[in-house]
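Chain letters run A, B, ... following the sequence lines, proteins first and then strands; every chain starts at 1. Model, not experiment: these values are computed from the prediction.
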Amino acid sequence: MVKVSLKDGSVREYTKGTTLLDIAKDISGRLGKEALVASVDGKLVDLTAPLDHDAAVEFFTFDSEEGRQVFRHSTSHVLAQAVQKLYPGTRLAIGPAIAGGFYYDFDSPETFTPEKLAKIEAEMENIIKADLPFKRAAMSRQESLDMFQKAGEEYKVELINDLPEEAAISCYSQGDFTDLCAGPHVPSTGRLKALKLTHLAGAYWRGNEKNKMLQRIYGTSFPKKSMLEEHLFRIEEAKRRDHRKLGAELDLFSLQEEGPGFPFFHPKGMVLRNELESFWREEHKKAGYHEIRTPIILNRALWEQSGHWDHYRENMYFTKIDDFDYAVKPMNCPGGILIYKSSLHSYRELPIRMAELGLVHRHEMSGVLHGLMRVRNFTQDDAHIYMLPSQVKEEIIGVINLTDRIYRIFGFKYKVELSTKPEKAIGSDEIWEMATASLEDALRTVGMEFRVNEGDGAFYGPKIDFHLEDCLGRTWQCGTIQLDFQMPELFDLNYVGEDGQKHRPVMIHRTIFGSIERFIGILIEHFAGAFPAWLAPVQAIVLPITGRHLDYAREVAARLDASGVRVQLDDRNEKVNYKIREAQNQKIPYMLVLGDREAENGTASVRHRSKGDLGARPVVDFIRDISAEINTRQC
RNA sequence: GCCGCUAUAGCUCAGUAGGUAGAGCGCAUCCUUGGUAAGGAUGAGGUCACCGGUUCAAAUCCGGUUAGCGGCUCCA
């Protein structure tokens with residue numbers, strides 16, 4: 001007999017050699033059905049494995065990360081089997097589970113197309129219906145090499161050769177298909193109820209662009225059809241909210257062939273942008289920042305001094321002026337530093353907080369451009385804080401609080417990460433420790449939860465990153481706070497201390513929106529284009545029912561306009577229904593329907609884009625309420 | 001940059017045995033004066049992304065360029 005201790009603390013006894021699957025079934029019929037994989041003393045193993053010693057056992061269903069990973073990984077094997085059956089001669093690379101699904105990379109004479117995906121999917125369904133068991137076979141290095149060499153699976157051979165000497169090598173088979181794999185897998189293909197191949201992409205063997213480009217097929221799978229449908233619905237919803245589509249529909253911005261990656265902001269997009277910027281200015285002024293603006297083009301010597309000429313060159317744009325080399329700025333800091341250096345500073349002045357909405361240009365590879373999310377020029381809501389070492393903690397707390405205040409207005413939840421010293425870093429361990437400790441100390445002081453990202457800091461200093469979570473649960477890295485030890489040295493920054501001597505100030509580099517352009521993209525998707533009134537390009541639209549009501553409509557529109565409300569008048573010769581439909585599609589927060597009754601009483605019938613008809617109200621009341629909504633920046 | 005796919009009217013898209021272009025929406029004009037998500041009629045609008053080739057003839061076939069889309073890599 002073997003003793004099995006379970007997660008809940010209970011201990012059960014089984015005959016030696018009982019499989020984990022049988023144990024799961026014994027615990028409960030439901031667990032027997034839902035368990036996908038188990039861990040024995042913390043190590044993940046197949047459910048089909050027999051248990052031959054006393055152990056701590058845990059079962060994982062699709063509800064756990066472990067269960068999902070195994071489930072998707074098994075699905076990727078089924079994908080590989082289907083592809084090799086339909087397209088003989090296809091060689092296999094790798095096929096892991098990823099967040100939300102799985103993929104498999106193939107090297108095939110066949111070019112896969114979306115139509116072929118449907119065929120492959122059908123073949124996968126057959127394999128699942130056949131309910132083939134996944135069988136594990138441990139083998140020696142030589143055995144496995146012989147086998148894959150014979151099968152012409154060069155990628156697998158390469159993988160085996162790269163495995164460490166002591167590695168245990170195993171293969172998994174289902175039906176007549178065998179793949180090199182450490183496992184574990186679900187017991188049989190029948191577990192993989194609902195699947196969908198979602199898209200195709202090229203991918204380099206081992207992610208290295210010097211290697212051969214393979215064809216990657218992405219897919220996802222779930223134990224229930226309904227779960228798959230919900231997942232696909234979320235993807236559809238994300239597509240429906242795509243900022244590129246909404247940006248065009250709402251006439252906010254465009255991208256033109258004449259300037260790939262250089263977005264054009266239309267009048268409505270500019271309203272949104274200006275609102276964001278004035279909110280930003282307001283908050284920064286309150287937080288004691290001074291706004292500056294530095295030039296877009298600066299000479300070569302500056303970029304040599306800052307290190308960009310050596311380290312960031314491939315991302316920069318260059319030009320010549322009167323035979324001298326200049327660069328278009330990819331970052332704002334060197335310019336900002338010149339302002340700091342333009343005068344002598346006393347310790348009494350510190351901290352100095354200088355903020356800049358700085359337009360930077362970075363050369364991105366053509367293939368990565370994506371709407372407003374990845375562009376070649378964007379506006380950083382940058383700021384640099386120069387301070388005494390003793391002020392670091394307090395300043396960081398100030399930035400954290402400011403960031404929190406700004407994100408909160410949009411209703412964003414966010415997560416914080418602290419990134420520590422990377423392998424390649426400059427500066428002594430001592431300075432790093434002190435700096436990292438002050439970031440951590442600041443986070444703890446404000447009671448902020450955070451995750452530590454070991455070794456992910458910038459080479460010049462540790463950093464705190466803010467990851468926004470939008471309404472679809474996607475995260476976006478926006479804000480960042482970085483301690484920078486390099487620039488003050490490179491630029492020989494000083495302040496005069498109490499002792500009358502020169503000292504080196506400490507510098508923080510930080511953003512909150514990150515990139516205004518990208519933040520706008522995130523907002524578009526987060527709100528699905530239905531911006532809160534304070535951000536909406538048009539806040540209210542006046543809809544006269546007939547031509548007879550035009551005069552009254554003009555008067556109402558003028559009153560709103562005079563009160564600072566962004567109002568539009570739809571004076572076209574159309575029916576109200578038609579006008580409402582269009583206003584609704586433009587996601588205008590308030591519609592004011594005006595007819596005989598309203599003209600007579602000095603009222604407006606208010607319709608809200610999501611709350612519907614709110615009934616007739618005196619125009620003054622409406623102006624008062626919408627103004628309050630706008631001024632308090634309600635979401 | 002690389003791999004794959006795509007490019008027809010402002011937008012969404014039709015247009016296969018190569019024979020000089022079509023719909024709906026939008027726009028303009030007219031009719032209709034209509035109370036909470038599409039009233040009707042008429043009309044304008046395209047050197048079919050660009051360059052080159054094959055052909056008597058190219059939106060359609062071939063090559064190249066550019067841009068977009070999905071990824072790889074990187075990052076705000």
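Of the residues in residues 591-605 of chain A, those lying under 4.0 Å from RNA chain B by heavy-atom distance are V593(A), G595(A), D596(A), R597(A), E598(A), S605(A).
Comparing the C1' positions of C30(B) and A67(B) gives a spacing of 41 Å, expressed to the nearest Å. As rounded to the nearest Å, A76(B) and C3(B) have P atoms that lie 27 Å from one another. Using atom C1' as the reference point in both C61(B) and G19(B), the two lie 15 Å apart (nearest Å). With both ends at atom C1', the span from U65(B) to G24(B) equals 33 Å, rounded to whole Å. With C1' as the reference atom, C25(B) and G64(B) are 36 Å apart, rounded to whole Å. Taking the C1' atoms as reference points, U54(B) lies 14 Å from U60(B), given to the whole Å. Comparing the C1' positions of A9(B) and U47(B) gives an interatomic distance of 14 Å, to the nearest angstrom. Look at the P atom in both A37(B) and U73(B): the space between them is 49 Å, to the nearest Å.
If you measure from atom NE2 of H370(A) to atom P of C72(B), you get 12 Å, rounded to the nearest angstrom. Counting to the nearest Å, the P atom of G1(B) and the CZ atom of R362(A) are 19 Å from each other. Following rounding to the nearest Å, I217(A) (CD1) and G70(B) (P) show an atom-to-atom distance of 18 Å. The distance between atom OH of Y204(A) and atom C1' of C74(B), rounded to the nearest whole Å, is 12 Å. The separation between I541(A) atom CD1 and U36(B) atom P is 17 Å, rounded to whole Å. A straight line from CD1 of I580(A) to P of A38(B) spans 9 Å, rounded to a whole angstrom. The distance from atom CD1 of I588(A) to atom P of A37(B) is 15 Å, rounded to the nearest whole Å. Atom pair Y407(A):OH and A76(B):C1' shows a separation of 11 Å (rounding to whole Å applied).
Residues E582(A) and K579(A) are not paired through a salt bridge, judged by the lack of any N-O separation under 4.0 Å between the basic side chain and the carboxylate. Using a cut-off of 4.0 Å between Lys/Arg side-chain N and Asp/Glu carboxylate O, K421(A) and E454(A) are scored as not salt-bridged. Ion pairing of E356(A) with K329(A) is present here, as a side-chain N (NZ or NE/NH1/NH2) and a carboxylate O approach within less than 4.0 Å. Of the charged side-chain nitrogens involved, at least one lies within less than 4.0 Å of a carboxylate oxygen, so that R273(A) and E517(A) count as a salt-bridged pair. Salt bridge annotation for K156(A)-D179(A): present, with a cationic side-chain nitrogen under 4.0 angstrom from a carboxylate oxygen.
Across all strands shown, C11(B) forms a Watson-Crick or G-U wobble pair with G24(B), both key distances being under 3.5 Å. The pairing partner recorded for C56(B) is G19(B), the criterion being a Watson-Crick or G-U wobble arrangement whose two distances lie under 3.5 angstrom. Pair assignment for G68(B): C5(B), on the basis of Watson-Crick or G-U wobble contacts that are both within less than 3.5 Å. The base-pairing partner of C30(B), taking Watson-Crick or G-U wobble contacts with both distances under 3.5 Å, is G40(B). Both distances falling under 3.5 Å, in either a Watson-Crick or a G-U wobble arrangement, occur for no nucleotide opposite G46(B).
Residue R362(A) comes nearest to Q380(A) through the heavy atom pair NH2-NE2, 3.5 Å, listed as atom of the first residue, atom of the second, then distance. Across all their heavy atoms, R566(A) and L535(A) have their closest contact at NH2-C, 3.8 Å.
Across all strands shown, R572(A) has heavy atoms under 4.0 Å from sugar-phosphate atoms exclusively, and none from any base. Using a 4.0 Å heavy-atom cutoff across all strands shown, Y218(A) reaches sugar-phosphate atoms only and no base atom. If you check every strand for non-hydrogen atoms under 4.0 Å, L369(A) touches sugar and phosphate atoms only. Residue E249(A) is classed as having no contact, given no heavy-atom separation below 4.0 Å to the nucleic acid. As judged by a 4.0 angstrom heavy-atom cut-off over every strand, V360(A) is placed among residues making no nucleic acid contact. Residue N315(A) is classed as having no contact, given no heavy-atom separation below 4.0 Å to the nucleic acid. At the heavy-atom level, N577(A) lies under 4.0 Å from the strands shown only through sugar-phosphate atoms.
The nucleotide whose nearest atom lies closest to any side-chain atom of E257(A) is, among C72(B), A67(B), C74(B), A67(B). Comparing G1(B), U33(B), A37(B) against the side chain of M365(A) picks out G1(B) as the nearest. Looking at the side chain of Y578(A), the nearest of the listed nucleotides A67(B), U73(B), G39(B) is G39(B). Distances from the side chain of K575(A) to the nucleotides A38(B), A76(B), G34(B) place G34(B) closest. In this structure, of A76(B), A37(B), G68(B), it is A76(B) that holds the atom nearest to the side chain of Q380(A). Listed nucleotides: C72(B), G70(B), U73(B). Nearest to the side chain of R216(A): C72(B). For S366(A), the side-chain atoms get nearest to G1(B) when compared with the rest of C72(B), G1(B), G68(B). The side chain of V368(A) approaches C72(B) more closely than any other nucleotide in the set C72(B), G70(B), U33(B).
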Practice task
Output, in order, the C-alpha distance, side-chain angles, deciding distance and verdict of ring-ring contact (aromatic ring centres under 6.0 Å, His included) for W280(A) and F519(A).
Solution key: CA-CA 12 Å; W280(A) 183 90; F519(A) 197 78; over 10 Å; no
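Remark: aromatic rings of H526(A) and F412(A) are close, center separation under 6.0 Å. The aromatic ring centres of F410(A) and F527(A) sit 6.0 Å or more apart.
A stacking contact links F378(A) to A76(B): the aromatic ring centre lies within less than 5.5 Å of the base's six-membered ring centre, and the planes differ by less than 30°.
Of the residues listed (L560(A), I541(A), L543(A), L569(A)), the one engaging L592(A) in a side chain to side chain contact (heavy atoms under 4.5 Å, CB included) is L560(A), and it is the only one.
Nucleotides of RNA chain B nearest to T546(A) and R609(A) differ in position, and the one nearer the 5' end is that of T546(A). With RNA chain B read from its 5' end, the first of the two nearest nucleotides for V606(A) and M373(A) is the one closest to V606(A).
Within the structure, a side-chain polar atom (N or O) of R244(A) is placed less than 4.0 Å from OP1 or OP2 of C69(B).
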